[in-house]
Amino acid sequence: MSSEDNKAVVRRFVDEIFDQGSVAAVDELVDDSFVPHTWPSVTGKEDFKQTVVRMAKAVKDPHHTIEDMVAEGDRVSVRLTSHATQNGDVMGVPAAGKEYTIAEHHIFRIVDGKVVEHWHVADMLGMMEQIGAFPAPKPKS
């Protein structure tokens, strides 16, 4: 597949899985051998489907804006801005109905049109501050 084909897979992944929470899209876009390197509680495609369902319940109106996308070989790197409203338990934090906006970076490895590996870095500290898990530091006066 070309770099443009791989980018199209990632665009669909972001839109249909991250934004829409579609388990059907996981079946279409994720290989059975899927390895999620930076989600320690997820061990494969079936666990990833459960994570998608859990997150769809935990956040309302998620939206991911792709800021940059670079592809080379079988890898696609995406820098995006993630925005949602917490309406369920997130990482042990009860719902407070607060919105958050954070930066994320994802790397996907794609083989034959399916995601086989994924790496992810996100501003989780920023998200936890914004949803009220702990107070944000006060500015120095």
**Student:** Linking I/L/V/M/F/W/Y whenever their side-chain heavy atoms sit closer than 4.5 Å, directly or via other members, would M1 and L29 fall into one cluster?
**Tutor:**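 Yes, M1 and L29 fall within the same hydrophobic cluster.
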
**Student:** Which residues satisfy the salt bridge (charged side-chain N to carboxylate O under 4.0 Å, His left out) test with E4, sequence neighbours excluded?
**Tutor:**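 Only K7 meet the salt bridge (charged side-chain N to carboxylate O under 4.0 Å, His left out) criterion with E4.
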
**Student:** Output all residues satisfying side-chain contact (heavy atoms from CB on, under 4.5 Å) with E99, sequence neighbours left out; order by chain, then residue number.
**Tutor:**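 E99: side-chain contact (heavy atoms from CB on, under 4.5 Å) contacts with H83, T85.
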
**Student:** So does K98 get a backbone contact from the side chain of Q130, meaning a donor-acceptor N/O pair under 3.5 Å?
**Tutor:**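 Looks like no, no N/O pair under 3.5 Å.
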
**Student:** Could you pull out all residues at least two apart from D32 that satisfy salt bridge (charged side-chain N to carboxylate O under 4.0 Å, His left out)?
**Tutor:**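 By the salt bridge (charged side-chain N to carboxylate O under 4.0 Å, His left out) rule, D32 matches K45.
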
**Student:** Residues in ring-ring contact (aromatic ring centres under 6.0 Å, His included) with F48, at least two apart?
**Tutor:**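 F13, F34, W39.
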
**Student:** Of all residues at least two apart in sequence or in a different chain, which pass the side-chain contact (heavy atoms from CB on, under 4.5 Å) check with S3?
**Tutor:**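 A71.
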
**Student:** With sequence neighbours left out, write down each residue that passes side-chain contact (heavy atoms from CB on, under 4.5 Å) with E67, or none if nothing qualifies.
**Tutor:**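 Per chain and number, E67 pairs via side-chain contact (heavy atoms from CB on, under 4.5 Å) with T65, R79, T81.
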
**Student:** Please tabulate, for the side chains in residues 14-23, all donor-acceptor contacts under 3.5 angstrom to protein atoms that are two or more places apart in sequence or on a different chain.
**Tutor:**
from : atom 1 : to  : atom 2 : distance (Å)
D15  : OD1    : Q20 : NE2    : 3.4
D15  : OD2    : Q20 : NE2    : 3.1
E16  : OE1    : R12 : NH2    : 3.1
E16  : OE2    : R12 : NE     : 2.9
D19  : OD1    : H64 : N      : 2.9
D19  : OD1    : H64 : ND1    : 2.6
S22  : OG     : A24 : N      : 3.4
S22  : OG     : A25 : N      : 3.0

**Student:** With D5, which residues qualify under salt bridge (charged side-chain N to carboxylate O under 4.0 Å, His left out), at least two apart?
**Tutor:**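 For D5 there are no salt bridge (charged side-chain N to carboxylate O under 4.0 Å, His left out) partners, ignoring immediate neighbours.
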
**Student:** I'd like to check V10 versus H106 (side-chain heavy atoms, cut-off strictly below 4.5 Å). Are they in contact?
**Tutor:**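 With C-beta onward as the side chain, the pair stays apart.
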
**Student:** Which pair of non-hydrogen atoms, one from E104 and one from S82, has the smallest distance, and what is that distance?
**Tutor:**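 In terms of heavy atoms, the two residues are closest at OE2-CB, 3.0 Å.
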
**Student:** Specify the closest pair of heavy atoms between A95 and G88, including all atoms of both residues, with the distance to one decimal.
**Tutor:**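 Taking every non-hydrogen atom into account, CB-N, 3.4 Å.
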
**Student:** Could I get the full list of side-chain contact (heavy atoms from CB on, under 4.5 Å) partners for T51, not counting sequence neighbours?
**Tutor:**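 Result, side-chain contact (heavy atoms from CB on, under 4.5 Å) vs T51: V42, R54, M55.
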
**Student:** Output the distance between atom NZ (K57) and atom CG (N87), rounded to the nearest 0.5 Å.
**Tutor:**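 Separation between the atoms: 11.5 Å.
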
**Student:** Where do I131 and A96 come nearest, in terms of heavy atoms and distance?
**Tutor:**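 Taking every non-hydrogen atom into account, O-CB, 4.0 Å.
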
**Student:** Please determine if K49 and E46 form a salt bridge, counting it only when a charged side-chain N lies under 4.0 Å from a carboxylate O.
**Tutor:**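 Result for this pair is yes, salt bridge flagged.
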
**Student:** Sort out for me which residue in H105, M69, R11, H120 forms a side-chain contact (heavy atoms from CB on, under 4.5 Å) with V78.
**Tutor:**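 The single option meeting the side-chain contact (heavy atoms from CB on, under 4.5 Å) with V78 is M69.
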
**Student:** Looking at V30, is its backbone amide N or carbonyl O close enough to the side chain of E28 to form a donor-acceptor pair, meaning the two atoms are under 3.5 Å apart?
**Tutor:**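 It does not hold such a pair.
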
**Student:** Cluster question for you: counting only ILVMFWY and a side-chain heavy-atom cut-off of under 4.5 Å, with indirect links fine, are V9 and V35 together?
**Tutor:**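 In one cluster with V9: V35, no.
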
**Student:** Taking only residues two or more places apart in sequence, or in another chain, which ones meet D123 in a side-chain hydrogen bond (donor to acceptor under 3.5 Å, both in side chains)?
**Tutor:**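 So D123 forms no side-chain hydrogen bond (donor to acceptor under 3.5 Å, both in side chains) with any residue.
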
**Student:** Taking only residues at least two apart or on different chains, which pairs with a member in residues 107-120 satisfy salt bridge (Lys or Arg N to Asp or Glu O under 4.0 Å)?
**Tutor:**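 Those involving residues 107-120 are D74-R109, R109-E117.
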
**Student:** CD1 of I102 to CE of M128: how many Å apart, nearest 0.5 Å?
**Tutor:**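 Here the rounded value is 10.5 Å.
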
**Student:** Would you mind reporting whether Y100 and V59 have side-chain heavy atoms less than 4.5 Å apart?
**Tutor:**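 Answer yes - side chains close enough.
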
**Student:** Given a cutoff of under 4.5 Å between side-chain heavy atoms of I, L, V, M, F, W and Y, with clusters grown through shared members, what are the other residues clustered with V116?
**Tutor:**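 When side chains under 4.5 Å apart are linked, the cluster holding V116 also contains V111.
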
